Amino acid sequence: ERMHFLKYSNTSDDFHNSILAELSIDGEWPFQVCCAPYFLLFSRALLSTLSEPTCPFKCWDENNVNAIAKLNDMKAFEITDDLRDFVAAAKCLSGVNLWSARAIVAHRRLIQTRRDDDDGEACPTLWNETAEMFSRCLSSFCEKTAGFEDENRNVHISASVELEWGLAQHHYRKLGRGKKSFNKALSINHLDVEVTGAEGKRTKYQKKATAQYLVRAKPAIAVPYAEINDDAQINTSDKEEGENATTKGANAHIEAQMIKHDDVSDDAILLEKIKFEKDGDNEHYTLSILDQSILLALCLDVKNDNPMDGLTGEQMGGYLARVLNQHDDWMVYATALLERAWLECERTHGRERAILQIQALADQHSNRLTLTQSTFKSVEDDSAPAQERLRNIHGIVYPPRWDMLRDLAERYAKIGIVTSAAEMFEELELWDEVVECYRIAGKESKAEEVVRKRLAEKETPRMYAALGDLSGDPRYFERSIELSRGRFYDAHVALGKFYFEK
């Protein structure tokens with residue numbers, strides 16, 4: 001029985017594949033098992049038109065990677081009376097360039113590429129579009145005031161744009177990976193961050209305190225977190241008390257995502273968080289959700305700038321611990337939990353909790369029962385609604401669910417649980433990994449059986465390419481290219497490699 005149920009719609013019908021073919025770009029194909037990609041295609045067409053209302057929307061041309069790179073160079077419509085009102089109205093939409101940039105970044109994240117190690121060489125067409133859109137956003141919101149009467153709103157928008165521009169550079173793996181933009185967002189938002197050390201204890205039975213990594217963060221208007229909670233208890237009306245109770249309940253649901261050490265084992269020796277010797281080091285100021293997102297970006301910058309060793313893990317852990325002190329937003333908190341779980345996978349004492357944490361975070365977007373959603377009531381009532389999960393999604397690096405499952409499957413395979421890993425890879429249609437897992441498990445014929453079964457249900461470019469790899473028959477690569485209308489990059493490469501070796 002399968003452990004996961006990713007596909008909530010038919011991901012192998014003709015319509016689905018046609019949409020993926022339209023979204024393919026620069027020889028790269030979108031992730032096959034994504035759900036409802038037509039919403040992305042529609043939003044790309046709509047937002048591209050609104051951001052440049054005098055130019056026709058031109059779909060991506062695999063033969064010309066700069067087809068829509070320079071939107072200002074496109075041949076404009078002849079402005080008629082009917083079009084003039086539309087153009088005037090579109091130009092009044094101040095946020096359309098930012099939303100268009102967000103859609104382009106979402107498009108890039110949908111693309112499944114094996115060339116990320118080329119350091120920014122994949123998807124040049126999308127990168128040119130992204131740079132163009134964010135250039136407009138930076139000019140509108142950062143180089144001059146955003147134009148709102150509320151100065152705090154101007155600051156918030158400017159810092160958010162810089163943060164998202166930095167994350168876009170990270171997604172495209174460009175030089176610097178967004179470091180300068182993260183620092184600009186930090187400065188614009190007037191967030192004071194101090195990275196230091198303090199004596200503290202990490203385990204339950206530790207007698208002597210040792211040096212621990214500590215990140216202090218102080219916003220422009222500093223209010224201790226405990227003080228806010230205390231103020232909520234007094235001088236409140238009945239209505240305010242009800243609102244406070246609702247907020248506390250929501251925060252409790254957010255915090256419930258965390259799997260604790262004691263949930264995993266009765267013999268756990270690690271504390272949930274470091275206990276510092278000085279009381280002041282255990283206290284912290286209240287940070288806005290944007291402040292927390294900036295801290296997560298700085299944590300990401302540490303990962304990008306340093307080799308993945310023990311010291312880098314300690315540095316990242318300091319930022320994550322600071323973010324996890326609050327639980328105000330579902331996805332920000334989940335991102336910090338996921339990053340911490342990735343770090344703990346490299347440690348002896350935290351590995352089991354880390355695997356379960358990743359599993360729970362992957363399953364929270366489904367109706368599967370887990371440690372953190374043990375009843376159907378918790379799945380339906382206690383989980384955050386979609387609008388809450390999406391509210392701040394553009395300011396964080398939270399992976400798509402299929403990416404989380406792929407990461408989880410890889411970790412299962414590393415610790416020897418290869419059959420479960422193969423089942424997860426099979427659901428994600430990552431056939432190279434399926435073959436490798438079944439080979440390790442001594443089930444070489446199982447992989448080809450799975451692929452042929454899928455092809456009997458529905459023909460897809462990826463399935464034929466996988467069958468070509470398994471059988472060594474070039475006819476399957478040619479069929480894959482035919483089905484994808486020449487856009488499936490892997491089939492071209494595999495076919496070329498076959499004839500080169502022959």
Side-chain angles (χ1 to χ4, degrees), residues 94-95 98 101-102 134-170 176-198 213-232 247 251 280-305 315-316 318-329 331-333 335-336 339 391-397:
S94 60
L98 179 58
R102 288 169 170 174
F134 269 110
S135 175
R136 299 182 186 185
C137 295
L138 293 171
S139 176
S140 300
F141 300 121
C142 299
E143 295 174 6
K144 56 184 179 182
T145 60
F148 298 105
E149 294 181 0
D150 186 354
E151 181 59 27
N152 291 332
R153 187 178 182 186
N154 288 330
V155 169
H156 180 88
I157 292 176
S158 298
S160 297
V161 170
E162 284 287 358
L163 174 62
E164 291 185 33
W165 170 227
L167 293 178
Q169 296 172 68
H170 167 79
R177 305 291 292 274
K179 185 183 187 70
K180 290 183 179 179
S181 297
F182 296 153
N183 289 330
K184 285 183 180 179
L186 182 70
S187 175
I188 292 172
N189 212 42
H190 308 297
L191 178 63
D192 182 21
V193 177
E194 178 188 5
V195 180
T196 183
Y213 215 83
L214 175 64
V215 172
R216 296 191 181 102
K218 185 177 181 181
I221 302 177
V223 179
Y225 190 66
E227 182 178 318
I228 288 184
N229 289 337
D230 291 342
D231 289 344
T247 301
N251 288 349
D281 293 332
N282 293 307
E283 299 172 355
H284 58 274
Y285 295 102
T286 300
L287 300 181
S288 67
I289 293 174
L290 178 58
D291 290 333
Q292 296 173 51
S293 300
I294 292 174
L295 285 181
L296 288 175
L298 295 177
C299 175
L300 190 66
D301 181 57
V302 172
K303 181 179 180 181
N304 292 337
D305 267 1
Q315 289 177 297
M316 294 176 64
Y319 287 101
L320 297 174
R322 178 58 191 86
V323 174
L324 290 171
N325 280 333
Q326 292 179 226
H327 28 84
D328 309 315
D329 180 85
M331 295 308 296
V332 171
Y333 193 75
T335 301
E339 291 277 358
R391 184 179 301 146
N392 301 292
I393 196 68
H394 300 290
I396 56 178
V397 183

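Residue numbers start at 1 and run along the sequence shown. As the structure is a computational prediction, the values presented were derived from the model and not from experiment.
Contact record, P219 with Y285: CD-CB, 3.8 Å, taken as the closest heavy-atom pair. In terms of heavy-atom proximity, R177 sits nearest to F182 at O-CE1, 3.7 Å.
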- Query: Hey, mind stepping through D329 and I396 against side-chain contact (heavy atoms from CB on, under 4.5 Å) and telling me if it holds?
  - Reply: CA-CA 11 Å; D329 180 85; I396 56 178; 5.5 Å; no
- Step by step, work out the side-chain contact (heavy atoms from CB on, under 4.5 Å) result for R216 and T196. CA-CA 8 Å; R216 296 191 181 102; T196 183; 3.3 Å; yes
- Please walk me through it: do V397 and L296 pass side-chain contact (heavy atoms from CB on, under 4.5 Å)? CA-CA 8 Å; V397 183; L296 288 175; over 6 Å; no
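Each of H394, Q169, R102 was scored for a side-chain hydrogen bond (donor to acceptor under 3.5 Å, both in side chains) with E164, with one residue passing: R102. For the side chain to side chain contact (heavy atoms under 4.5 Å, CB included) criterion with R322, the lone passing option out of L298, V193, L214, L295 is L295.
No hydrogens or angles considered: a donor-acceptor pair under 3.5 Å links the side chains of Q292 and D328.
The structure places CD of E339 at 5.5 Å from NZ of K303, a figure rounded to the nearest 0.5 Å. We find the CG-OH distance between D301 and Y319 to be 8.0 Å, quoted to the nearest 0.5 Å. Put simply, CG on N154 and SG on C142 are 10.5 Å apart, with the number rounded to the nearest 0.5 Å. Considering CD1 of I393 and OG of S293, their distance stands at 10.0 Å, rounded to 0.5 Å. Atom CG in L163 sits 9.5 Å away from atom CG in N189 (nearest 0.5 Å). Interatomic distance, E162 CD to N183 CG, rounded to the nearest 0.5 Å: 10.5 Å.
Residues N304 and K179 form no side-chain contact, since every pair of their non-hydrogen atoms from C-beta on lies 4.5 Å or further apart. Contact check for L98 versus F134: side-chain heavy atoms found under the 4.5 Å cut-off.
Between the side chain of Q326 and the backbone N or O of L287 there is at least one donor-acceptor pair closer than 3.5 Å. T335 places a side-chain N or O within 3.5 Å of a backbone atom of M331 that can act as its donor or acceptor partner. Side-chain N or O atoms of D291 include one that pairs as donor or acceptor with a backbone N or O of S288 at under 3.5 Å.
Using bins of under 30°, 30° to 60° and over 60° for the plane-to-plane angle, the ring pair H327/Y333 lands in the perpendicular bin.
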